[in-house]
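Everything on this sheet refers to the single structure shown next.
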Amino acid sequence: MWEHTHTTETTPFDWHRLKSVPPMNDFLDHPILTVQQHILREQQKFPGSSGEFSFLLSGITLAAKMIAAQVQRAGLTDILGTHGDINVQGEVQQKLDVYANKVLLHCLRIRESVAVLASEENEQPLTVHNGSPNARYVVVFDPLDGSSNIDVAVSVGTTFCILRRDPSSDQTSDEEESLRDVLQPGTKIIAAGYVVYGSSTILVYSAGNGVHGFTLDPAIGAFVMSHENIRIPDQGKYYSVNESHSDSFPPSDKQFLQQVRQGKVGNQIYASRYVGSMVSDIHRTLLKGGVFMYPPTASHSDGKLRLVYEANPIAFLVEQAGGEALSGKIRVLDIVPESIHQRTPIVAGGKVEMEAYRACW
Ligand code: AHG
Ligand code: MN
Ligand code: MN
């Protein structure tokens, strides 16, 4: 295995050069790049970078491994089932939601570069390292997305965004300042990603320089590069939406859906795929192309998904991969959030699908 983790090296780490080096072992015919090595390599492009950002991201990968381990054991332990608490959305929390939230809070709050944490499972943001000049980042997350799928052994996920704390804030934040730091539009995101806990555990992230996927190798406990520079196909074969709500969609969404079903979008015959775990549905959409929709419905007039920690990370990744994410006519990333848990409609997909969607407005 090609190990290359030392931070003091003088020349930038060149993954492509390693690819051309003859293998030392016949059973390892290409070099392994872990997510940590990848982040270090990316960081070397910014001279003077302190390494704090990679340390912050390592908090997320550690949490992801802990959550993955627990998700895999869900059928074996009494952690399965409803925890009984009602979360701030009025939904019943599953035990794994609570666990995943605790793990992420724990792994991130000990990193000194973190100033504010906001989670789907907490009504208010949490201010940490108050007064530290090193506390520069805000992390928002949905610790466990698709949690109603756990009981039936279907894939779930984690979504996250990293933002910079307003540099004009003084070093001690009151609740109001922390809230303001969380309520930044998606255009201010510096990195975002998701983890899908499926037949394998995959971390997909972007720090604004392409979208990369890393699969957890349980044998070595590391996320290794498996999907370099993901590009969403211009047109795919799948549309992904909860069709039971389609009667109450707005006219533009209805019209678009009808065009997709009738093969009128780029003459493509589309198949329907809907897991009901946003992360899984988006992961397929990114890799295979197509379109994912959660428009306004009779029961959720602003759509169901939460802007800050669900729609924004997805929109950031889809755009980074060459696709588009809209909330009605508006770019999701342009929306200025007014509250942490606000919802937004979202339609995200490849170029051809999104052009057709735009044309319906
Ligand atoms: P969460 O488990 O974090 O509350 O999110 C569930 C979300 C999302 O994963 C999925 O896209 C959506 O709920 C599914 O909603 P419907 O059952 O209404 O289709
Ligand atoms: Mn969710
Ligand atoms: Mn959730």
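This chain uses plain numbering: 1 for the first residue, then up along the sequence. Note that ligands are numbered from 1 as they come in the structure, with each ligand's atoms numbered from 1 the same way.
- Ligand-side atoms of ligand 1 in range of S277: 9 (O), range being under 4.0 angstrom from any heavy atom.
- One option in E121, H245, K304, E310 has a heavy atom closer to atom 13 (O) of ligand 1 than any other, and that option is K304.
- Once rounded to the nearest 0.5 Å, the distance linking CG of D145 with CG of L305 reads 7.5 Å.
- Considering CD of E338 and CG of L179, their distance stands at 11.5 Å, rounded to 0.5 Å.
- For the pair E243 and R261, the salt-bridge criterion is met [side-chain N within less than 4.0 Å of a carboxylate O].
- Heavy atoms of R306 approach ligand 1 to within less than 4.0 angstrom.
- Counting the atoms of ligand 1 from 1 in the order shown, those under 4.0 Å from a heavy atom of G146 are 1 (P), 2 (O), 3 (O), 5 (O), 6 (C), 9 (O).
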| task | Might you work through the side chain to side chain donor-acceptor pair (under 3.5 Å) test for N134 and S113, ending with a clear yes or no? | result | CA-CA 5 Å; N134 300 328; S113 58; over 6 Å; no
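- Under 4.0 angstrom from ligand 1, the non-hydrogen atoms of N242 all belong to its side chain.
- Note: H38 NE2 to E228 CD = 7.5 Å, rounded to the nearest 0.5 Å.
- The aromatic rings of F214 and Y205 sit tilted relative to each other, their planes meeting at an angle between 30° and 60°.
- A salt bridge does not link R273 with D281: every distance from a Lys NZ or Arg NE/NH1/NH2 to an Asp or Glu carboxylate oxygen is 4.0 Å or more.
- Sorted by first and then second residue, the pairs that involve residues 310-321 and meet salt bridge (charged side-chain N to carboxylate O under 4.0 Å, His left out), not counting sequence neighbours, are R306-E310, E319-R331.
- Within the 4.5 Å cutoff, no side-chain heavy atoms of V35 are placed close to those of M225.
- Annotation for ligand 1: atoms under 4.0 Å from non-hydrogen atoms of D142 are 3 (O).
- Contact atoms of ligand 1 toward M278: 8 (C), 9 (O), 10 (C), 11 (O) (distance under 4.0 Å to a heavy atom of the residue).
- Taking a cut-off of 2.8 Å, the protein N, O or S atoms nearer than that to the Mn ion (ligand 2) are D142 OD2, D145 OD1, E310 OE2.
- Distance check: L144 CG to D142 CG gives 7.0 Å after rounding to the nearest 0.5 Å.
- Ligand 1 places these atoms under 4.0 Å from at least one heavy atom of L144: 2 (O), 3 (O).
- Close approach of ligand 1 to S147 (heavy-atom distance below 4.0 Å) involves ligand atoms 2 (O).
- How far CD1 of I346 is from NZ of K304: 14.0 Å, rounded to the nearest 0.5 Å.
- Looking at E243 against ligand 1, nothing comes within 4.0 Å, counting heavy atoms.
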